[in-house]
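As the structure lists them, so they are numbered: ligands from 1, and atoms in each ligand from 1.
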Amino acid sequence: MAQKILDRFKLDGKTALVTGGAQGIGEAYCYALGEAGAKIAVVDINLALAEETAHNLGKQGIEAIAVKTDVTNPEDVAKMVKTVVDKWGKLTIGVNNAGMGVWRSSLVQDFSEWRKILSLNLDAVFLCAQSEARVMEKAGYGKIINTASMSAHISNTPQDQAAYNSSKAGVLHLTRSLAAEWAPKNIRVNSISPGYTKTALVDKLLETPEGKTMLPKWLEKVPMGRMASPEDLQGAIVYLAAEASDYATGTDIIIDGGYCCW
Ligand SMILES: NC(=O)c1ccc[n+]([C@@H]2O[C@H](COP(=O)([O-])OP(=O)(O)OC[C@H]3O[C@@H](n4cnc5c(N)ncnc54)[C@H](O)[C@@H]3O)[C@@H](O)[C@H]2O)c1
């Protein structure tokens with residue numbers, strides 16, 4: 001007989017890293033995984049913010065460290081995983097969440113901007129997953145959770161963001177491909193696809209003149225009539241990190257207030 005269901009959501013004794021963990025969705029993931037019992041490495045390019053988040057997690061009784069990492073840099077990524085393993089002896093959960101968005105017409109987008117978006121949103125997810133899986137393979141168990149987006153499933157309107165949408169569609173299929181490849185090694189790879197979520201990333205875009213006209217148009221298309229808060233995503237991250245989801249791999253959980261239903 002398996003353990004009771006709520007016990008299979010507990011993460012006691014597990015260790016997790018969350019990229020882009022200093023703020024926004026990543027920060028909400030750090031709290032969710034930490035409250036469920038895991039030790040947390042807050043990974044971010046912004047060390048000061050990561051340290052503040054780790055400190056605040058500590059005040060809630062969650063053991064946490066800050067790890068400065070540029071996830072687009074392969075050496076940094078290898079160091080990030082080593083730091084966690086050196087500190088706690090293992091890495092059970094890797095959440096590859098750091099990402100960026102830009103609105104730009106594809107007719108005028110510089111190739112360098114396209115590359116920058118793809119490098120952070122897709123290449124870095126591969127680099128992190130690869131480094132994490134090398135450690136998980138040795139342990140014989142692991143959970144990798146990538147942040148995709150509803151933009152992996154639909155093309156947002158009215159803003160132009162082909163690079164972002166393409167990068168997130170790539171994350172979705174990378175997730176499925178790695179899931180199939182690593183299932184025999186007992187490593188699960190899944191993703192979460194948030195809809196519009198109130199974070200610094202979106203606030204920055206909404207402050208622009210174009211952005212100010214955007215919000216009502218977005219909300220018309222969200223059946224639930226509001227943006228998500230990062231807390232709306234916390235249940236899914238705990239599920240995918242926990243033993244409760246051990247038979248789930250290559251799957252994506254869309255949390256978008258119903259946007260993709262239409
Ligand atoms: N907010 C939304 O509406 C929304 C919707 C769908 C998907 N997403 C995705 O969720 C993820 C998090 O988004 P958010 O809204 O919380 O963003 P955010 O901008 O609030 O936070 C992103 C974090 O990533 C960090 N970061 C940026 N570049 C980095 C790098 N090279 N190395 C390490 N860390 C880096 C930033 O410092 C920041 O702390 C992204 O992948 C984003 O595409 C967001």
Side-chain angles (χ1 to χ4, degrees), residues 17-32 41-54 66-77 79-81 83 94-103 115-128 131 145-156 159 161 163-172 174-175 191-207 211 214-215 218-219 221-222 226-234 236-237 252-257 259-260:
L17 69 79
V18 180
T19 75
Q23 64 179 359
I25 292 171
E27 183 185 14
Y29 286 167
C30 288
Y31 275 91
V42 182
V43 173
D44 210 284
I45 199 165
N46 184 337
L47 180 62
L49 207 53
E51 280 175 338
E52 192 184 322
T53 299
V67 184
K68 180 177 165 62
T69 307
D70 175 355
V71 291
T72 65
N73 177 327
E75 284 164 22
D76 258 27
V77 169
K79 254 192 272 167
M80 154 189 94
V81 171
T83 302
V95 181
N96 305 318
N97 165 78
M100 64 178 289
V102 173
W103 298 338
R115 277 298 330 140
K116 195 173 163 202
I117 296 165
L118 270 286
S119 165
L120 178 59
N121 290 8
L122 180 58
D123 299 356
V125 173
F126 169 73
L127 284 176
C128 292
S131 270
I145 303 139
N146 300 323
T147 299
S149 169
M150 72 175 180
S151 310
H153 299 266
I154 51 92
S155 179
N156 305 58
Q159 71 273 29
Q161 48 174 48
Y164 183 83
N165 298 347
S166 307
S167 69
K168 293 300 185 176
V171 169
L172 207 60
L174 174 65
T175 299
S191 59
I192 295 174
S193 280
Y196 292 121
T197 307
K198 215 168 154 20
T199 66
L201 180 146
V202 168
D203 281 345
K204 240 186 291 164
L205 292 168
L206 289 177
E207 276 161 19
M214 204 67 80
L215 189 59
W218 285 359
L219 295 185
K221 295 180 73 70
V222 181
R226 67 169 178 88
M227 291 176 76
S229 74
E231 289 73 24
D232 286 316
L233 309 171
Q234 287 179 311
I237 196 79
D252 180 59
I253 301 182
I254 303 177
I255 303 172
D256 66 351
Y259 192 105
C260 290

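Within the 4.0 Å heavy-atom criterion, neither part of Thr19 lies near ligand 1. Proximity of Ala124 to ligand 1, defined as any heavy-atom pair under 4.0 Å, is not found for any part of the residue. By the criterion of a heavy-atom distance under 4.0 Å, both the backbone and the side chain of Ile25 are placed next to ligand 1. Heavy atoms of Lys168 found under 4.0 angstrom from ligand 1 belong exclusively to the side chain.
Tested against Thr19 for a side-chain contact (heavy atoms from CB on, under 4.5 Å), the candidates Asn97, Asp44, Val42 yield a single pass: Asn97. Among Asn46, Leu47, Val43, the single residue meeting the side-chain contact (heavy atoms from CB on, under 4.5 Å) criterion with Lys68 is Leu47.
Between Arg115 and Asp123 a salt bridge is recorded (basic side-chain N to carboxylate O distance below 4.0 Å).
Glu231 places no side-chain N or O within 3.5 Å of a backbone atom of Ala28 that could act as its donor or acceptor partner. Ser193 places no side-chain N or O within 3.5 Å of a backbone atom of Ile254 that could act as its donor or acceptor partner. A donor-acceptor contact shorter than 3.5 Å links the side chain of Asn121 to the backbone of Met100.
For ligand 1, the atoms sitting less than 4.0 Å from at least one non-hydrogen atom of Val202 are 1 (N), 2 (C), 3 (O), numbered in the order shown with element in parentheses. Of all atoms in ligand 1, listed by their number and element, those nearer than 4.0 Å to a heavy atom of Leu120 are 28 (N), 29 (C), 30 (C), 31 (N). Each of the atoms 9 (C), 10 (O), 11 (C), 41 (O) of ligand 1 lies under 4.0 Å from some heavy atom of Thr147. Residue-ligand proximity, Ala148 to ligand 1, at heavy-atom distances under 4.0 Å covers atoms 7 (C). Listed by number with element, the atoms of ligand 1 under 4.0 Å from a non-hydrogen atom of Gly99 are 40 (C), 41 (O). Residue Tyr196 approaches ligand 1 through these ligand atoms, each under 4.0 Å from one of its heavy atoms: 3 (O).
For ligand 1, none of its N or O atoms has an N or O atom of Thr72 under 3.5 Å away. At under 3.5 Å, a nitrogen or oxygen of Tyr164, whether backbone or side chain, sits near a nitrogen or oxygen of ligand 1. For ligand 1, the polar-atom distance check against Val71 finds a nitrogen or oxygen pair separated by under 3.5 Å.
When only modelled atom types and interatomic distance are considered, His153 and Asp256 share no side-chain donor-acceptor pair under 3.5 Å.
In terms of protein heavy-atom proximity, atom 31 (N) of ligand 1 is nearest to Asp70 OD1, 2.9 Å. The protein atom (non-hydrogen) at minimum distance from atom 19 (O) of ligand 1 is Leu201 CB, 3.3 Å. Looking at atom 14 (P) of ligand 1, its nearest protein heavy atom turns out to be Thr199 OG1, 3.6 Å. Regarding atom 38 (C) of ligand 1, its nearest protein heavy-atom neighbour is Gln23 NE2, 3.3 Å. Looking from atom 3 (O) of ligand 1 to the surrounding protein, the closest heavy atom is Thr197 N, 2.8 Å. Of the protein's non-hydrogen atoms, the one nearest atom 29 (C) of ligand 1 is Ile45 CG2, 3.8 Å. Among protein heavy atoms, atom 33 (C) of ligand 1 sits closest to Thr69 O, 3.1 Å.
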The test is side chain to side chain contact (heavy atoms under 4.5 Å, CB included); show your working for Thr175 and Asp252 and say whether it passes. CA-CA 9 Å; Thr175 299; Asp252 180 59; over 6 Å; no
Side chain to side chain contact (heavy atoms under 4.5 Å, CB included) evaluation trace for Thr147 with Tyr29: CA-CA 11 Å; Thr147 299; Tyr29 286 167; 3.9 Å; yes
Side chain to side chain contact (heavy atoms under 4.5 Å, CB included) assessment of Leu206 paired with Met214: CA-CA 7 Å; Leu206 289 177; Met214 204 67 80; 4.2 Å; yes
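Note: Trp218 and Tyr196 have parallel aromatic rings, judged against thresholds of 30 and 60 degrees for the angle between ring planes.
Residue contacts with ligand 1: Ala50 is excluded, as none of its non-hydrogen atoms falls under 4.0 Å. The shortest heavy-atom distance from Asn97 to ligand 1 is under 4.0 Å. Under a 4.0 Å heavy-atom criterion, Gly195 is in contact with ligand 1.
The heavy atom nearest to atom 36 (C) of ligand 1, considering only Thr53, Asp44, Val43, is found in Asp44.
For the ring pair (Phe, Tyr, Trp, His ring centres under 6.0 Å) test, no residue two or more places apart in sequence or in another chain qualifies with Phe126.
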